[in-house]
A.B. asks: 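This structure is in structure tokens; I'll ask about it shortly.
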Amino acid sequence: MKKDISEIIKTALKAAHAAGELKTQESALPAFTVDQSKKEEFGDFSTNVAMLLTKHEGKPPRDIAALISKRISEDENVERTEVAGPGFINIFLDSAYWVRLLGRILSSGAEYGSSTVGKGKRVQVEFVSANPTGPLHIGHGRGAAVGDALARVLKAAGYEVTKEFYINDAGRQVFNLGESIQLRMQELQGKKIELGENHYKGDYIIDIAKDYIEALKKGGGGAVPTATEFGISAMIKWIEEDLKEFGIEFDEWFSEGSLDDEGLVTKTIEELKSKELVYEKDGATWFRTEKFGDDKDRVLIKADGERTYFASDIAYHRDKMARGFDTLVNVWGADHHGYEARVRALFRALGLDDSALKVIFIQLVALLRGGVPVAMGKRSGEFVTLRHVIDEVGSDACRFFFLMRKSDAQLDFDLELAKSQASENPVYYVQYCNARVLSIFAHAKEKGVKIPEDSELAGLADKFGAEEIRLIRHLGRFEEVIERSAKEMEPHRVTFYLMELAGLFHPYYNRNRVVTNDPGTTKARLLLFKAVGTVASNGLKLLGVSTPEKM
RNA sequence: GCGCCUGUAGCUCAGUGGAUAGAGCAUCGGCCUCCGAAGCCGAGGGUCGGAGGUUCAAAUCCUCUCAGGCGCACCA
């Protein structure tokens, strides 16, 4: 849409130059903006191009605007133009332009909004990546909603996207999991036990311990898993189920331990050694990350011989890059932001381009119930699980709420509000768009109105007035919203767009009847509504929120 | 102390260097003989944390500063 306008302006500038009205050649044009006007009195679009040319042309901005404006108005799509304020050119488009746009939305259908700006570039989005030592909590839920929506948005913008979950199934944490299970097993066998500070205390460990005892009894052929192995696979299964409940499926589940099996971690450390980027100090093995922009050097192998998580991460990121991705997106909890410099350093140390890495930080979720904070904290072994929230408020409301803020802002999540089916709940407000459209179509059919074909639009141009065009104009922005959402990696933009759409649509509905005595008006409005429903459901799909036909 | 994030309406938050800074909630006042009232109409409400600077133009960019959060491991 903006592209169309931009072309019109460029053509006008060229014509003005050819006619000797402008000194500035096409090649010397500044990067001007085309904006959808904030107010209708300012037209459909405005551009600042004249103001940017003042220096080069040596004339007052309004004079320059006047002559460009005249050229722009010569375009067939343009109804009229005017010069406003300090030198804006306001462009009023012919309504035929908008009706053609509506036609394009209808013919694109479920594809409307998708584009090819991503040019098929390969992007990997790694998110959630929770330790397999406990259930997903609400913070993971936010990361999951953002990561998944981002993946969908990128796909819609023409990127080739892979969603990956990195399983931290090596190292200290899972060792503690195994110990916790073994202790609970002893307890089940009547022994008195004491759980240490590092042990997992939730009841789910007891369940796993019971299952493990059963599994051991049954025996079965082949190798017997250790308590740790058994625990990990039970936890992963659990996590996978919770995510599925949340509408999320990963393309890859990447095991940290598998890096080890292939000796990749050791190999990577050896390589760093050969580059003299590694040294021994205080019995530990250090990596010279400071040389590459980190605050200080980092330990790879601790004095006790155990490797750090960072050591695996070097091999992991290198493996990701070797898989041929153009961009790696890491979705992390905000408490990990100190880790970014370290990872960037490892890219540079390995000779990889760290501009391929994009880290998205997910801020905290403060859980409220009717405005009162819900106590959280893992310490007591009690936390609010994602599953609990999904069960209470539903997956749709949950996902929508997580996507109502940009991810690096803290989020208040009020369970009562998310649950409420009143108008104050924005999820329903948006879902209601599509449901309402379908309901109107049903009503029209009942009344014996023939549902128009998309192709009938051409003859209905005069049925679209200012109010209808206002809606179409907003529908037309959808593509740009997705493009920008993908470019900035900010899926919340789609959420806001949809709330705005609903905020235009419902008032329109209330002011105007669709099924009227005038067949042309009825057809025009049915087609307009169809397009609104299409955009609303295309948008909700990007968020991973369902589009119920009835509510 | 250093680094990152956040300060915008009573609350929760949008906002792409542009025009008179927006939305939802809350508050107050209205609207169901009428395609769904899970809806609509209207009103009030602002020192964009503060101070400088760049610019024709700053909530937006730069510097400083204040406040809050997070991080600064041989944890993950």
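Chain letters run A, B, ... following the sequence lines, proteins first, then strands; residues in each count from 1. Note that this is a predicted model, so its numbers are computed, not measured.
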A.B. asks: Looking at A:Tyr509, I'd like to know if the NZ or CZ of A:Arg436 sits under 6.0 Å from its six-membered ring centre while staying within 45 degrees of the ring's axis.
C.D. replies: yes
A.B. asks: Could you please name the option among B:G22, B:C75, B:U16 that lies closest to any side-chain atom of A:Gln173?
C.D. replies: B:C75
A.B. asks: Give a yes or no on whether the ring-centroid distance for A:Trp238 and A:Tyr204 is below 6.0 angstrom.
C.D. replies: yes
A.B. asks: Under a 3.5 Å cut-off for both distances, is B:C40 Watson-Crick or wobble paired, and to whom?
C.D. replies: B:G30
A.B. asks: Under 4.0 Å, counting only non-hydrogen atoms across every strand here, what does A:Asp282 touch: a base, just sugar-phosphate, or nothing?
C.D. replies: base
A.B. asks: In whole angstroms, how far is the P atom of B:A76 from the CG atom of A:Asp169?
C.D. replies: 13 Å
A.B. asks: Within 45° of the six-membered ring axis of A:Phe92 and under 6.0 Å from that ring's centre, is NZ or CZ of A:Arg80 located there?
C.D. replies: yes
A.B. asks: Among B:C56, B:G15, B:G69, find the nucleotide with the atom closest to the side chain of A:His337.
C.D. replies: B:G69
A.B. asks: In whole Å, measure the gap between the C1' atoms of B:C28 and B:G10 for me.
C.D. replies: 14 Å
A.B. asks: Distance check, P atoms only: B:G22 and B:U65, in whole angstrom units.
C.D. replies: 33 Å
A.B. asks: Can you tell me if CD on A:Glu306 sees more than 12 non-hydrogen neighbours from other groups inside 6.0 Å?
C.D. replies: yes
A.B. asks: By centroid distance (under 5.5 Å) and plane angle (under 30°), are A:Phe88 and B:A19 in a stacked arrangement?
C.D. replies: yes
A.B. asks: Rounded to the Å, how far apart are A:Asp294 CG and B:C72 P?
C.D. replies: 12 Å
A.B. asks: Would you say a side-chain N or O of A:Arg298 is under 4.0 Å from OP1 or OP2 of B:A73?
C.D. replies: no
A.B. asks: Closest approach to the side chain of A:Met551, judged atom by atom: which nucleotide of B:A76, B:G36, B:A14 is it?
C.D. replies: B:G36
A.B. asks: So, is A:Tyr509 near the phosphate of B:C41, with a side-chain N or O under 4.0 Å from OP1 or OP2?
C.D. replies: no
A.B. asks: Of the nucleotides B:G22, B:U16, B:A14, which has the atom closest to the A:Lys39 side chain?
C.D. replies: B:G22
A.B. asks: Mapping A:Tyr339 and A:His506 onto RNA chain B by nearest heavy atom, which one lands closer to the 5' end?
C.D. replies: A:His506
A.B. asks: When you get a sec, tell me which of B:G7, B:U12, B:C56 is the closest nucleotide to the side chain of A:Leu52?
C.D. replies: B:C56
A.B. asks: Using a heavy-atom cut-off of 4.0 Å across all strands, would you classify A:Asn512 as base, sugar-phosphate, or nothing?
C.D. replies: base
A.B. asks: Taking only N and O in the side chain of A:Lys302, is any of them less than 4.0 Å away from OP1 or OP2 of B:A73?
C.D. replies: no
A.B. asks: Does B:C72 have a Watson-Crick or wobble partner in any strand here, with both distances under 3.5 angstrom, and which is it?
C.D. replies: B:G1
A.B. asks: Determine the interplanar angle of the A:Tyr339 and A:Tyr309 rings, folded into 0 to 90°, and report it as parallel if under 30°, tilted if 30 to 60°, perpendicular if over 60°.
C.D. replies: tilted
A.B. asks: Does B:C72 have OP1 or OP2 under 4.0 Å away from a side-chain N or O of A:His336?
C.D. replies: no
A.B. asks: Using only side-chain N and O atoms of A:Arg436, determine if any of them is under 4.0 Å from OP1 or OP2 of B:A37.
C.D. replies: yes
A.B. asks: Does the aromatic ring of A:Phe42 sit over the six-membered base ring of B:A19, closer than 5.5 Å centre to centre and tilted less than 30°?
C.D. replies: yes
A.B. asks: Select base, sugar-phosphate, or nothing to describe what A:Ala334 touches, counting heavy atoms under 4.0 Å on all strands.
C.D. replies: sugar-phosphate
A.B. asks: Does the structure show a Watson-Crick or G-U wobble partner for B:U63, both distances under 3.5 Å? Name it, or say none.
C.D. replies: B:A51
A.B. asks: Between B:G17 and B:C56, how far is it from one C1' atom to the other, in whole Å?
C.D. replies: 12 Å
A.B. asks: Under 4.0 Å, counting only non-hydrogen atoms across every strand here, what does A:Asp408 touch: a base, just sugar-phosphate, or nothing?
C.D. replies: sugar-phosphate
A.B. asks: Looking at A:Lys419 and A:Glu392, does any basic side-chain N land under 4.0 Å from a carboxylate oxygen?
C.D. replies: yes
A.B. asks: How close or far is atom C1' of B:C25 from atom CZ of A:Phe401, stated in whole angstroms?
C.D. replies: 11 Å
A.B. asks: For B:C5 and B:G30, measure between their C1' atoms and round to the nearest Å.
C.D. replies: 44 Å
A.B. asks: Specify the separation, in whole Å, of atom NE2 of A:His137 and atom P of B:A76.
C.D. replies: 17 Å
A.B. asks: So does A:Lys463 pair up with A:Asp518, basic N to acidic O under 4.0 Å?
C.D. replies: yes
A.B. asks: Taking the side chain of A:His443 as its heavy atoms from C-beta onward, which of B:G36, B:C70, B:U16 lies nearest to it?
C.D. replies: B:G36
A.B. asks: Which part of the nucleic acid, if any, lies within contact of A:Lys2, taking any heavy atom under 4.0 Å across all strands shown: a base, the sugar-phosphate backbone alone, or nothing?
C.D. replies: base
A.B. asks: Closer than 4.0 Å, any side-chain N/O of A:Ser439 to the OP1 or OP2 of B:C35?
C.D. replies: no
A.B. asks: Distance check needed: B:A19 P versus A:Ile89 CD1, whole Å only.
C.D. replies: 17 Å
A.B. asks: A:Tyr432 near the nucleic acid: base, sugar-phosphate alone, or nothing, with a heavy-atom cut-off under 4.0 Å?
C.D. replies: base
A.B. asks: If the P atom of B:A23 is compared with that of B:G15, how far apart are they to the nearest Å?
C.D. replies: 15 Å
A.B. asks: Where the side chain of A:His492 is defined as all heavy atoms beyond and including C-beta, which of B:A76, B:C74, B:A14 is the nearest nucleotide?
C.D. replies: B:A14
A.B. asks: Send over the distance from A:Tyr429 OH to B:A23 C1', rounded to a whole Å.
C.D. replies: 10 Å
A.B. asks: When you measure only distances, ignoring hydrogens and angles, does the side chain of A:Ser46 come within 3.5 Å of the base of B:A19 through a donor and an acceptor?
C.D. replies: yes
A.B. asks: What is the distance, rounded to the nearest whole Å, between atom CZ of A:Arg172 and atom P of B:A73?
C.D. replies: 20 Å
A.B. asks: From the set B:G18, B:C35, B:C74, return the single nucleotide nearest to any side-chain atom of A:Ala303.
C.D. replies: B:C74
A.B. asks: Mind checking A:Pro507 for me? I need base, sugar-phosphate or nothing, with any heavy atom below 4.0 Å counting as a touch.
C.D. replies: sugar-phosphate
A.B. asks: With sugar-phosphate meaning primed atoms plus P, OP1 and OP2, does A:Asn198 contact a base, only sugar-phosphate, or nothing at under 4.0 Å between heavy atoms?
C.D. replies: nothing
A.B. asks: Are more than 12 heavy atoms from other residues, nucleotides or ligands located less than 6.0 Å from atom CG of A:Asn517?
C.D. replies: no
A.B. asks: Counting Watson-Crick and G-U wobble pairs only, both distances under 3.5 Å, name the nucleotide matched with B:C25, or none.
C.D. replies: B:G10
A.B. asks: Start at the 5' end of RNA chain B and walk down; is the nucleotide closest to A:Glu41 or to A:Asp297 reached first?
C.D. replies: A:Glu41
A.B. asks: Could you give the distance separating B:A26 and B:C66 at their C1' atoms, to the nearest angstrom?
C.D. replies: 30 Å
A.B. asks: Between A:Glu479 and A:Arg477 (salt bridge meaning N to carboxylate O under 4.0 Å), is one present in this structure?
C.D. replies: no
A.B. asks: For B:G24 and B:C41, measure between their P atoms and round to the nearest Å.
C.D. replies: 9 Å
A.B. asks: Work out how far the P atom of B:G71 is from that of B:C62, and round it to whole angstrom.
C.D. replies: 26 Å
A.B. asks: Tell me the interatomic distance from A:Lys3, atom NZ, to B:U16, atom C1', rounded to whole angstroms.
C.D. replies: 16 Å
A.B. asks: Checking understanding here: a glycosidic angle within 90° of 0 is syn, the rest anti, so what is B:C66?
C.D. replies: anti
A.B. asks: State whether A:Lys296 places a side-chain N or O below 4.0 Å from either non-bridging phosphate oxygen (OP1 or OP2) of B:C74.
C.D. replies: yes
A.B. asks: Indicate, yes or no, whether a donor-acceptor pair under 3.5 Å links the base of B:A19 to the side chain of A:Asn90.
C.D. replies: yes
A.B. asks: According to the Watson-Crick and G-U wobble definitions, with both distances under 3.5 Å, which nucleotide is paired to B:A57?
C.D. replies: none
A.B. asks: Would you confirm whether the ring centroid of A:Phe478 sits within less than 6.0 angstrom of the ring centroid of A:Tyr497?
C.D. replies: yes
